[in-house]
Amino acid sequence: MGGNAANKPKLLVNGKRVDGRNVDDIRNVKIVARVLNDADGSAYIEWGKNKILAGVYGPSECIPRHDQSLYRGIIKCRYNMAPFSGAEEHGRSGPNRRSKELSKVIREAFENVIISENFPKTQIEIYVEILQSDGGTRCAAVTAAAVALADAGIPMKDMINAVAVCKIDGKMAVDPGKEEDNFGDSDMPIAYSPRTGEILLYQMDGLLTREELAEGLKLAKDASEKIRKIQIEAIQKVYEEPKEERFLLIK
Amino acid sequence: MSESKIVIPGELLSDKPERISYAFIDNGKTYSTVVGLYSEGKLVPLEGPYEPLPDDLIVGIISEVKFSGYSIDINTAYPAFLSSREIRERYNMGDTIFARITMIDEVRSTEIGDAKKLAAGRLVKVSSVKIPRIIGKKNSMIDMLQSATGCEISAGRNGYVWIAGTGNATLAEKAIRMIEAQAHTHGLTDRVSQYLKANKQ
Amino acid sequence: MDTINEIKRDTLSALLAAGPPSDESIELARVVDRGIRSANIIDLNSFYLEEDKVMAIYIDIFILDHDGNLIDASALAAMQALLSCRMPKVENGKIVRGEFVGKLPVKDKVVTCTFGKRGDKIFLDPALDEEKGMDARLTFATTSQHICAGQKGGWGSFSEKDVLELAEMSLAKGNDLRALLKE
């Protein structure tokens, strides 16, 4: 976020964004569930040009022992950007402070909905690998991980998802791409529990007035409902088109 | 028979608080916790980890020989315990047994008994929620598999299926995988029957 | 460019807590950093020395005693440090060590307000006991006019209404905190 004011590109021209979208259009999102053999649950998401793989393990033995709780399963989460994800030039790939922060806020979102009391002394691991990054990876990561958890049969109160909003050329817009992320005036990723409408992940930077904040929240909520439909389709497809092998379909 | 519907975690099942397995109640309404088939007040998960219940019949593998008994891998996060006092024979690491869950305590430690050693064979690990379909009503499916392949098949409620004997174990395994993938569909028994007939040597 | 690092002293021992920074520590540093950075209160163009050479500010936060809500305390301390920061004298594209020309030009004051939540009760500025018992926290960084950063932590949740109300309150309460800062 930032960019020098002098050479900032124009992000909104006649109501159209750099990729031709309107301010309330999300990018193309595709989700495939059950794609990995080793993980207990998995999902692959293409969100715009983002490509993200989520794998879930558990409940399994909690290692190290001293992490375990007698009352519930411990949720662990690792958000990681692969070296070829395209974030290299920002020095962002591999485990670093940003990844650790994102791993934490994503884990906390899932801690809200996973019914971990059913599995004392165990751990549930969520891995999200960013294979290709194009802005909004943490939202796509949450969205894919939720599908992977459902695929694994981990009991949850809800299948959550996330979407971000931004401010570009003074207007609030939903689902920023990489350019809008880098040169926009605000970035606000939000994860929702659709069942209750409650917010489980919330971050924001930039400069917003209270009115812009309210508008952004509304745009995000509407987009979240669209994302949810795509998640549900991915789950239904597992059962409509049962496969004995798990693989990633390359179209 | 009313159509069953695939539901997802968080989906509303009823506007009233109802006691349904794998569902939870919030603010007087009932919601699903899993991806499952829901019909007439009953929710059957389509996936999920094995959660042991007393009297479950399971297939286990000896994972550790201890002083007073054995640690048994029963496809859960932690192994179950089989006391030496429960059995007459001696087991070795890697032996496979068919046994019954006798006790589960408050912290989910599991004990098993009534163990019987299984003959040499191979393990097929399936999602435990599919086992009832692999067994079938009154053992109909598993009997069909055994007679078509000539194998002795022990299906543990924990998702471990043991195929022993001198029959066509590979065919048995393929058929089991087919049932696992299509467990939620109609007409499966016929399709499995045809598959077995077509591939019998 | 400025970077914020937080070093936490274990209050139960005289030694500095060893080891790599914890998740909480990293989050705190990044949230405080974002608040100050987003508000663009420092004209970073003034840090230019010559080609390929710029000045940088590093902010290190030492926590001597922890009594809850380190985010707001750290942010306030960081902001006060920035306000009292002197600009080094620059000659021929080089810093002249030990000589200063005035203060770091700061356009506005950024402060944070953190709210704790337990069940459906929300409280501003959690003390240590409250922090240990809370389900979630929501922090907003504000300038005198805008909301410039936000972060939710913990496993609990907030409604949309909560978010708007707390942002509103942060703008108001933020002014109380801003009044405490000395130029």
Side-chain angles (χ1 to χ4, degrees), chain A residues 33-34 40-41 56-63 65 68-74 113-115 117-124 146-161 192-196 228-229 231-246, chain B residues 4-13 21-27 29 31-37 43-51 63 73 75-79 104-109 125-130 159 173-185 188 191 195:
Chain A
R34 194 162 297 184
D40 294 317
V56 163
Y57 290 86
S60 54
E61 190 179 338
C62 188
I63 296 167
R65 262 290 169 87
Q68 85 181 17
S69 160
L70 287 175
Y71 310 103
R72 60 176 52 84
I74 300 296
V113 291
I114 292 176
I115 304 174
E117 304 81 62
N118 287 2
F119 307 103
K121 303 193 295 181
T122 67
Q123 68 182 20
I124 293 167
V147 175
L149 284 161
D151 183 41
I154 306 282
M156 299 186 284
K157 295 199 184 148
D158 206 350
M159 192 163 69
I160 70 177
N161 61 54
Y192 288 97
S193 171
R195 185 179 69 87
T196 57
R228 179 175 172 72
K229 295 201 169 86
Q231 287 176 303
I232 294 174
E233 273 165 29
I235 297 282
Q236 283 171 338
K237 207 137 183 239
V238 171
Y239 300 98
E240 283 162 17
E241 300 170 15
K243 301 183 285 202
E244 278 145 50
E245 292 270 338
R246 300 177 178 199
Chain B
S4 47
K5 174 182 184 242
I6 293 183
V7 295
I8 61 163
E11 189 163 335
L12 181 70
L13 301 179
S21 287
Y22 299 100
F24 72 101
I25 298 168
D26 187 27
N27 269 336
K29 298 195 172 148
Y31 303 88
S32 176
T33 63
V34 291
V35 175
L37 281 176
L43 177 59
V44 176
L46 283 166
E47 301 307 324
Y50 172 55
E51 289 184 78
S63 59
D73 166 15
N75 197 20
T76 50
Y78 291 95
I104 304 172
D105 71 14
E106 329 74 58
V107 289
R108 310 285 175 105
S109 295
K125 184 174 158 187
V126 304
S127 175
S128 64
V129 298
K130 320 280 181 169
E173 182 172 350
K174 288 211 171 107
I176 288 167
R177 289 275 170 234
M178 181 182 166
I179 301 167
E180 186 191 16
Q182 301 178 34
H184 60 286
T185 58
L188 180 59
R191 265 176 281 142
Y195 176 79

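Note on naming: letters A, B, ... go to the chains in the order of the sequence lines (proteins, then strands), and numbering restarts at 1 for each one.
Counting non-hydrogen atoms of other residues, nucleotides and ligands closer than 6.0 Å to CG of B/D105 gives a total above 12. Summarising the local packing, NZ of A/K157 is surrounded by 12 or fewer heavy atoms from other residues, nucleotides or ligands at distances under 6.0 Å.
Counting heavy-atom pairs under 4.5 Å between each of B/M178, B/K174, B/E180, B/Q182 and chain A puts B/M178 at the top. Listed options B/A183, B/A181, B/G36 were ranked by heavy-atom pairs under 4.5 angstrom with chain A; first place goes to B/A181. Chain A forms more heavy-atom pairs under 4.5 Å with one residue of B/G48, B/P9, B/P79 than with any other, namely B/P9.
Neither the backbone nor the side chain of A/L149 has a heavy atom closer than 4.5 Å to any heavy atom of chain B. At a 4.5 Å heavy-atom cutoff, the contact between B/L46 and chain A is made by backbone and side-chain atoms alike. Looking at B/T76, there are no atoms closer than 4.5 Å to chain A (heavy atoms on both sides), in backbone or side chain. Contact of A/A152 with chain B is made through the backbone alone, with heavy-atom distances under 4.5 Å. For B/E51, the part lying under 4.5 angstrom from a heavy atom of chain A is the side chain only.
Nearest heavy atom pair, residue B/A77 against residue A/T122, reads CB-CG2, 3.4 Å.
The backbone N or O of A/N118 lies less than 3.5 Å from a partner atom in the side chain of B/R108, making a donor-acceptor pair.
Atom CZ of residue A/R195 and atom OG of residue B/S32 lie 11.0 Å apart, to the nearest 0.5 angstrom. Separation of atoms CD1 (A/I115) and OH (B/Y22) is listed at 12.0 Å; rounding is to 0.5 Å. Separation of atoms CE (A/M156) and CD1 (B/I8) is listed at 8.5 Å; rounding is to 0.5 Å.
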- Would you please test A/Y239 and B/V35 for side chain to side chain contact (heavy atoms under 4.5 Å, CB included) and show each step? CA-CA 10 Å; A/Y239 300 98; B/V35 175; 3.8 Å; yes

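Side-chain contact check for A/P155 versus B/F24: every heavy-atom pair is 4.5 Å or farther apart. When side chains are defined from C-beta on, A/P59 does not count as touching B/Y78, because their heavy atoms never get closer than 4.5 Å. Side-chain contact between A/V238 and B/E47: absent, with no pair of heavy atoms (C-beta onward) separated by less than 4.5 Å.
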